[in-house]
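Keep in mind the model is a prediction, meaning the values are calculated, not measured. Chain identifiers are assigned alphabetically (A, B, ...) following the order of the sequence lines, protein sequences preceding nucleic acid strands; residue numbering begins at 1 within each chain.
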Amino acid sequence: MTVALEGLRIVLLAGGLFFFVTGSLGLLRFPDTYTRLHAVTKADNVGLGLLVAGLSLHSLEWQSTALMLLIWLFVMASGATSAQLLARYQREQDRQESASNGNR
Amino acid sequence: MEIAEAVLDTALIGLLLTMAWATLHTQRMSAAIALFAGFGMVLALIWARLRAPDLALAEAAIGAGLTSALLLRAASITREETIRIPTSRLWLRWLFVTAVFAWLAVHVLALSTLDGGHSLPELVTGQTPNSGVRHPVTAVLLNFRAWDTLLELLVLLLALLGFRQIARHNRHPYDADHHPAPWPLLKAWSRSLAPLLVVTGGYLLWRGSDDPGGAFQAGAVLAAALVLLRLSGQLPVFRWSRWTVRLAALTGPALFLSVAIGSAVMGEGWLNYPDNASTLLIVLIESAATVSIAVTLAFLVAGEEEDIAE
Amino acid sequence: MTIVTAYLLAGLALFLIGLHGLLTLQSMLRRIMAVNLMGSGVFLVLTALAARLPETDPVLHALVVTGLVVSISATALALRLHGALERHREDG
Amino acid sequence: MNPALSSMALPLLAGLLLLLAGPGLMRRWGGTLTLIVSVASGLAAWMALQSTLDSSRQEALLGGWEEGLAIRLELTALSALLLLFTALIHGLVALYAQFSRHGVSHAYWPLSCLLHGTLAALWLSGDLFNLYVTLELLGLVSVALLTQSGPRAWRPALNYLVLSLAASLCYLLGVAILYGQYGLLDIELLSGVTENDAVTRLALVLMTGGLMLKAAMWPLHGWLPAAHASAPTAVSALLSALVVKGPLFILWRLWSEVAPADLAIQAGPLFAAAGIAALIGGGYASLRSPYIKTLVAYSTVAQMGYAMMALGLLLFWQHPQMHVALWLFVIAHGLAKASLFMAAGEIQHTVGTTRISGLRGATQTAPIAMFAFAVAGGSLIGLPPSGGFLSKWVLLGPLLNDPWNWPWAAGVFLGTLVSAAYVFRAVIMAFDRVHIKRVNLNPDHTAQWLAMLPALLVWAMALSGNWLVQWLAGGGI
């Protein structure tokens with residue numbers, strides 16, 4: 001029984017790691033802010049989810065699992081909102097820029 | 001487990017030092033501030049690693065959170081300047097720095113092993129039961145070395161007074177049209193986040209007597225709530241001229257000082273809490289300190305557009 | 001090379017990076033950040049010393065909490081002064 | 001011990017009450033409340049001084065815990081005298097600020113009370129980390145006071161804040177290393193335990209560096225002239241007379257109690273040599289400065305060099321007379337410097353310019369302020385009836401009686417010569433009545449008389465010399 005659990009845990013943690021790496025890679029490689037926001041929020045949230053799943057198998061007490069799930073929920077909520085705000089701010093900057101070199 | 005710890009430590013220390021060096025020496029200012037926020041988080045991780053939860057809480061709330069907010073605000077005012085890295089005789093300077101580091105390191109290494117019997121920590125854990133609280137750090141902060149904490153509340157108050165002096169010569173009072181109306185999304189998010197922060201702050205304050213937490217961490221979290229509400233336009237401009245704001249900012253030091261004087265006059269000595277009332281007194285002082293820390297830090301972070309008609 | 005020595009040396013290195021930055025950098029914002037780094041370095045030394053005991057030394061933790069709040073208040077005042085100077089220079 | 005504690009708590013409480021009262025009440029009652037608090041605090045300090053004469057060293061373990069655990073507050077004859085001195089200077093400056101025409105803004109009063117309380121906490125504290133917090137408090141109060149004179153003081157205030165932050169962090173690193181080695185923060189316990197090894201030396205070097213930067217001692221004095229010259233008159237009087245003395249007091253405690261005896265003896269000549277260099281460097285810069293207030297500010301740097309020399313000689317010889325000379329000098333310099341800055345402020349306002357050349361004919365246009373300037377300058381040089389002369393006389397006593405010490409005596413005379421040069425430079429300019437600088441403002445006589453008050457007190461010190469010496473030497477060093 002534990003071997004299967006152990007195997008599953010490693011797979012989950014590796015998956016989490018993979019998503020974190022792709023998220024940061026996207027952050028570095030993508031051309032403008034909008035695409036970077038996609039990379040960071042989406043990939044890291046999934047990575048964190050997998051990480052939480054893997055770690056909860058490790059400890060198997062429901063308290064720490066509930067706590068980690070709460071943290072994950074909170075990170076997703078704050079990540080999504082700040083991504084929205086940043087994108088909106090960037091769009092406003094671009095609009096001002098295009099307006100200024102439009103009438104120049 | 002030994003290798004895992006070694007990998008973790010080298011990663012943390014390597015990250016810490018490279019981010020510290022990069023923060024000071026990158027070209028663009030915005031990159032420097034982003035690195036500084038990251039540095040604060042890595043430092044909070046290191047405090048947790050060194051089994052210091054109180055510090056991890058305080059560092060995350062104060063170091064990474066409020067300091068980065070302050071830096072962003074200051075950077076938005078300064079013209080976006082890419083600094084010219086002084087490269088004159090760079091290697092000579094770094095040679096000198098490494099030499100000084102080696103000299104310091106040789107001496108400090110002698111400290112890493114605890115040879116002499118250091119009685120103070122055992123003294124603290126021994127005396128904590130009759131100090132009114134169970135968590136030793138809070139016992140030291142609010143009972144054994146309460147005089148330090150009182151003076152330190154005055155430090156916070158004085159930073160605010162210095163802040164006020166500058167505001168009095170400030171020819172940029174807050175005008176609503178200059179600031180864009182906050183977006184509905186930001187308003188909704190801050191309205192849902194603020195109660196969560198207040199509850200967490202209250203919880204940290206209450207837990208302070210038994211487990212890591214306490215006045216400073218709770219005050220910083222509450223200050224974050226105040227700043228969030230202020231920046232999203234739900235709170236009016238912080239006005240020092242209104243006496244309620246002043247009372248809130250002064251309750252901490254004033255109550256602490258009056259308890260000190262009261263204990264000197266009625267009790268056995270300066271800051272010598274009567275045994276049966278020490279828990280009540282500590283909780284009272286801690287909550288007053290939390291209120292004044294929250295108001296002072298919120299003022300320092302988001303209190304800039306002050307009306308000069310005071 | 002126990003944990004304590006590693007973090008002691010890291011604290012010292014951080015202190016020196018901050019001190020070097022303070023002395024060589026011209027931009028005032030960077031110098032304020034450098035002083036913050038020096039503060040973090042000293043606090044790291046303190047916490048590493050606290051970690052020598054099996055159950056860490058509460059006195060040093062209390063000192064570092066006090067030091068943290070002192071450094072945030074001084075940094076806030078320094079940044080406000082810097083902001084006022086910048087705005088003052090803009091107005092000419 | 002209770003009168004000393006009340007002498008400390010009164011100003012802190014008054015400061016908080018004034019802040020709570022708000023701007024309206026502060027404008028009307030700020031000055032009078034500050035004066036009352038200074039007088040009351042002075043009386044409490046006087047009672048504390050009397051109580052130290054019989055039992056020389058009193059202490060209070062805050063919170064009633066045992067020795068290493070609680071913070072120890074110590075009261076000796078010297079700290080009681082310094083409490084009295086702080087209350088006296090605050091009273092005089094508050095009097096001047098209240099009645100002088102170009103007074104201070106209403107926000108000055110709570111800050112002055114808080115500064116008074118902080119200094120009292122510093123004189124009494126016997127714990128190394130507690131001294132770090134008081135040092136930080138001192139730095140922040142000074143910056144808050146500095147920024148009162150508006151935008152021109154912001155840059156020096158920012159420089160001062162950043163440097164004083166770095167200095168107190170160096171000091172804290174030294175305290176951390178000492179705690180790492182001996183596991184103690186209490187000065188009295190540490191003095192019995194420290195021995196002369198590399199780690200202790202490193203900690204003491206770090207702490208001394210931090211304290212010298214905060215006390216603006218010669219190689220690290222860059223921030224002081226700009227800061228003290230750009231501050232309002234009353235503030236620069238407080239800063240030069242008192243704030244700079246705090247770190248000097250800690251330095252003295254550090255090297256006379258915490259440091260092992262043989263290390264202190266080795267360090268003595270270094271301090272003395274740095275002191276002589278400061279006297280000459282500060283004096284030369286003061287000679288060349290074109291502005292009145294920077295002249296007075298640089299003379300603070302020079303006179304701090306004199307204090308460092310007295311400290312060095314004290315550490316080297318452990319001679320009780322040197323101890324008396326050091327603290328007599330600190331009191332005489334405080335009074336003289338307060339009077340100098342107030343007189344300079346008055347002259348500047350009457351003559352209408354901040355340059356030394358504007359002093360021409362000042363004996364005609366601002367006679368009382370110029371007289372105060374000359375009298376206070378006389379005490380800085382050490383001319384006979386003043387407190388400055390008393391301290392130099394007590395210092396030179398042991399120096400002259402055996403020929404080995406004559407080089408140090410030559411250093412003292414050289415310092416006297418340099419300080420005479422920069423004081424007389426300004427005074428001679430004032431007697432030049434041939435082409436008087438036209439005066440556009442009617443002089444404010446009350447303020448000029450108030451500026452003279454501390455100068456007269458410096459002269460009065462010579463009369464009350466024997467009590468002072470008896471307190472400092474007899475009452476327990």
* To do: Look only at the side chain of D:S125 and the backbone of D:A121, and say whether a donor-acceptor pair between them is shorter than 3.5 Å.
  => no
* N-O pairing of D:E136 and D:K214 below 4.0 Å -> no
* To do: Under 4.5 Å heavy-atom distance to chain C, tell me which part of D:L161 shows up: side chain, backbone, both or neither.
  => side chain
* Asked: Heavy-atom distance under 4.5 Å to chain D: side chain of C:L12, backbone, both or neither?
  -> side chain
* Counting N and O atoms only, with roles assigned by atom type, does the side chain of C:T56 sit under 3.5 Å from a partner on the main chain of C:R52, one being a donor and the other an acceptor? -> no
* Structure fact -> side chain to side chain contact (heavy atoms under 4.5 Å, CB included) test vs C:Y7 passes for just one of C:V45, C:L44, C:T2, namely C:L44
* **Pairwise distance OG(D:S240) to NZ(D:K245) - rounded to 0.5 angstrom** => 7.5 Å
* **Residues in residues 200-209 of chain D that sit under 4.5 Å from chain C, counting heavy atoms only** => none
* For the pair D:W123 and D:F249, name the ring-plane relationship: parallel under 30°, tilted 30 to 60°, perpendicular over 60°. => perpendicular
* Contact part of C:L63 toward chain D, heavy-atom cut-off under 4.5 Å: side chain, backbone, both or neither? -> both
* To do: Go through the atoms of C:L49 and report whether side chain, backbone, both or neither lie under 4.5 Å from a heavy atom of chain D.
  => side chain
* Heavy-atom contact with chain C under 4.5 Å, split by part of D:V143 -> side chain
* Which one, C:T75, C:I32, C:V35, C:L85, leads in non-hydrogen pairs under 4.5 Å with chain D? -> C:L85
* For C:G39, does its backbone N or O pair with a side-chain atom of C:S71 as donor and acceptor, under 3.5 Å? -> no
* Asked: What part of D:S168 is in contact with chain C, defined as an atom under 4.5 angstrom from a non-hydrogen atom: side chain, backbone, both or neither?
  -> neither
* Asked: Donor-acceptor pair, D:T194 side chain versus D:V258 backbone, under 3.5 Å?
  -> yes
* To do: Sort C:V70 into side chain, backbone, both or neither according to what part of it lies under 4.5 angstrom from a heavy atom of chain D.
  => side chain
* Select one option (side chain, backbone, both, neither) describing which atoms of C:L22 are under 4.5 Å from chain D's heavy atoms. => side chain
* Relative to chain C, which segment of D:L185 carries a heavy atom at a distance below 4.5 Å: side chain, backbone, both, or neither? -> side chain
* Hey, does the side chain of C:R31 reach the backbone of C:G21 with a donor-acceptor pair shorter than 3.5 angstrom? -> no
* What closest approach, in Å, do C:L46 and D:A176 show between heavy atoms, and which atom pair accounts for it? -> CD2-CB, 3.5 Å
* Would you check, one step at a time, whether the test salt bridge (charged side-chain N to carboxylate O under 4.0 Å, His left out) holds for D:E74 with D:R253? => CA-CA 12 Å; D:E74 284 160 355; D:R253 284 200 67 148; 2.4 Å; yes
